[in-house]
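Contents: one structure, followed by commentary.
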Amino acid sequence: MLSADTLVILDRDGVINHDSDNYIKSLDEWVPYPTSITAIARLTHAGYTVAVATNQSGIARGYYDEATLHTMHEHLVRLVTSESGHIAHIAYCPHGPDDNCRCRKPLPGMLLNIQQHLGLASLTGSWMVGDSLRDLQAGEAVGCKTVLVRTGKGVKTEQKALVLKKPRSSMI
Ligand SMILES: O=P(O)(O)OC[C@@H](O)[C@H]1O[C@@H](OP(=O)(O)O)[C@@H](O)[C@@H](O)[C@@H]1O
Ligand SMILES: [Mg+2]
Ligand SMILES: [Zn+2]
C-alpha cells in the first residue's frame, strides 16, 4: 500500500549510475553502479515505491536529446524489471540553469510531479536520496527525509557541507 513513508525518490546520476562532469550523453555512457539495480529491486520487494528525479540540463545544452534520454530510462526500467523490481515514475528536468523552470533541483517541481503522479496528498516522510546538495534541498523543501550517498559527487558534497558547518575560526 503506497504511503508517503514508503516512497523512495532517487536522484539518477551519481546514485543509480556513474556520473561524469561531461554529462551522461548516450546509452553507452549510462553505466549503472554494480549494486544499484538490485538495490532498487530489493526496495520494491520490501514494499517501497521507487521513483527517480533527475536534472538533465544536457538536453538544454544540446549535448543529447530527449529520445536519447528515453533510451537510457527504458534500459534502466528493463534492468530493474529483470530483477522483479519496479520504478513507479521517472521525472526529469530538461532545462538549463538559466531557464527559470520550476522543475530543476533544488526546486521541488519534479518531486511534486511524482507526488501528483502517485496520487499522494503529501511527501512528508518520503525519502530523497542524492549525491548533490540540490537533491537534498529539493527533498527538504517538501518534507522528505534525505540521504546523501558517497558515490558520484557525494563525497565532494559532504566535504563542502562539513566546511560550511565548521565553526568559524575566531579572527584575532
Ligand atoms: O544527478 P542528476 O540530477 O540525476 O543529473 C545530473 C546531471 O544532469 C548533470 O548535472 C550537471 O549539473 P548542471 O545541470 O550543469 O548544473 C553536472 O553536475 C553533470 O556532471 C551531471 O552529469
Ligand atoms: Mg546526481
Ligand atoms: Zn526544468
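Atoms within a ligand are numbered from 1 in the order they appear, just like the ligands themselves.
Atoms of ligand 1 lying under 4.0 Å from at least one heavy atom of R12, given by number and element, are 4 (O). Using a 4.0 Å cut-off to heavy atoms of R61, the atoms of ligand 1 that qualify are 13 (P), 15 (O). Atom numbering of ligand 1 starts at 1 in the shown order; those under 4.0 Å from a heavy atom of D11 are 1 (O), 2 (P), 3 (O), 4 (O). If you number the atoms of ligand 1 from 1 as listed, the ones under 4.0 Å from a heavy atom of T54 come out as 2 (P), 3 (O), 4 (O), 5 (O). Against a heavy-atom cut-off of under 4.0 Å, N55 is close to the following atoms of ligand 1: 2 (P), 3 (O), 5 (O), 6 (C), 7 (C), 8 (O). Listed by number with element, the atoms of ligand 1 under 4.0 angstrom from any heavy atom of S57 are 13 (P), 14 (O), 15 (O). For ligand 1, the atoms closer than 4.0 angstrom to any heavy atom of K153 are 18 (O), 19 (C), 20 (O).
Here the side chain of S126 pairs a donor or acceptor atom with the backbone of A4 at under 3.5 angstrom. Judged by distance alone, with hydrogens and angles left aside, the side-chain atoms of H75 form no donor-acceptor pair with the main-chain N or O of T71 at under 3.5 Å. Using modelled atom types, one side-chain atom of T81 and one backbone atom of V77 make a donor-acceptor pair closer than 3.5 Å. Of the possible polar contacts, none joining the S132 side chain to the D135 backbone as a donor-acceptor pair under 3.5 Å is found. Looking at T157, its side chain does come within 3.5 Å of a backbone N or O of D131 through a donor-acceptor pair.
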Going through the checks in order, is the side chain to side chain contact (heavy atoms under 4.5 Å, CB included) test met by L111 and C144? CA-CA 10 Å; L111 281 62; C144 291; 4.2 Å; yes
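Between Q115 and V142 there is no side-chain heavy-atom pair separated by less than 4.5 Å.
Ion pairing of D19 with K153 is present here, as a side-chain N (NZ or NE/NH1/NH2) and a carboxylate O approach within less than 4.0 Å.
Among protein heavy atoms, atom 22 (O) of ligand 1 sits closest to D19 OD1, 2.6 Å. Among all non-hydrogen protein atoms, the one lying nearest atom 11 (C) of ligand 1 is Y23 CE2, 3.6 Å. If you check which protein heavy atom lies closest to atom 7 (C) of ligand 1, you get D13 OD2, 3.3 Å.
A 6.0 Å sphere centred on CH2 of W127 holds no more than 12 heavy atoms belonging to other residues, nucleotides or ligands. For OH of Y33, the number of neighbouring non-hydrogen atoms (other residues, nucleotides, ligands) closer than 6.0 Å is greater than 12.
Hydrophobic clustering (side-chain heavy atoms under 4.5 Å, transitive across Ile, Leu, Val, Met, Phe, Trp, Tyr) groups V8 together with I16.
Panel detail: the Mg ion (ligand 2) has protein N, O or S atoms under 2.8 Å away, 3 in number.
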Donor-acceptor contacts under 3.5 Å from residues 85-96 side chains, at least two apart:
unit_1	atom_1	unit_2	atom_2	d
H89	NE2	N113	OD1	2.8
Y92	OH	E66	OE1	2.2
Y92	OH	H70	NE2	3.2

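Every residue meeting the side-chain hydrogen bond (donor to acceptor under 3.5 Å, both in side chains) condition with Y64, not counting sequence neighbours, appears here in chain and number order: Q56.
Within the 4.0 Å heavy-atom criterion, the part of R134 lying near ligand 1 is the side chain and not the backbone. At a heavy-atom cutoff of 4.0 Å, ligand 1 is contacted by the backbone of S20 but not by its side chain.
In this structure, CG in L69 is found 13.5 Å from NZ in K25, a value given to the nearest 0.5 Å. Taken to the nearest 0.5 Å, the CG atom of L112 stands 14.5 Å off from the NE2 atom of H117.
By the criterion of a separation under 2.8 Å, the protein N/O/S atoms near the Zn ion (ligand 3) amount to C93 SG, H95 ND1, C101 SG, C103 SG.
The closest side-chain donor-acceptor pair between D5 and S3 falls under 3.5 angstrom.
For ligand 1, the polar-atom distance check finds an N/O of R104 within less than 3.5 Å of one of the ligand's N/O atoms. Between K105 and ligand 1, an N or O atom pair is found at a separation short of 3.5 Å.
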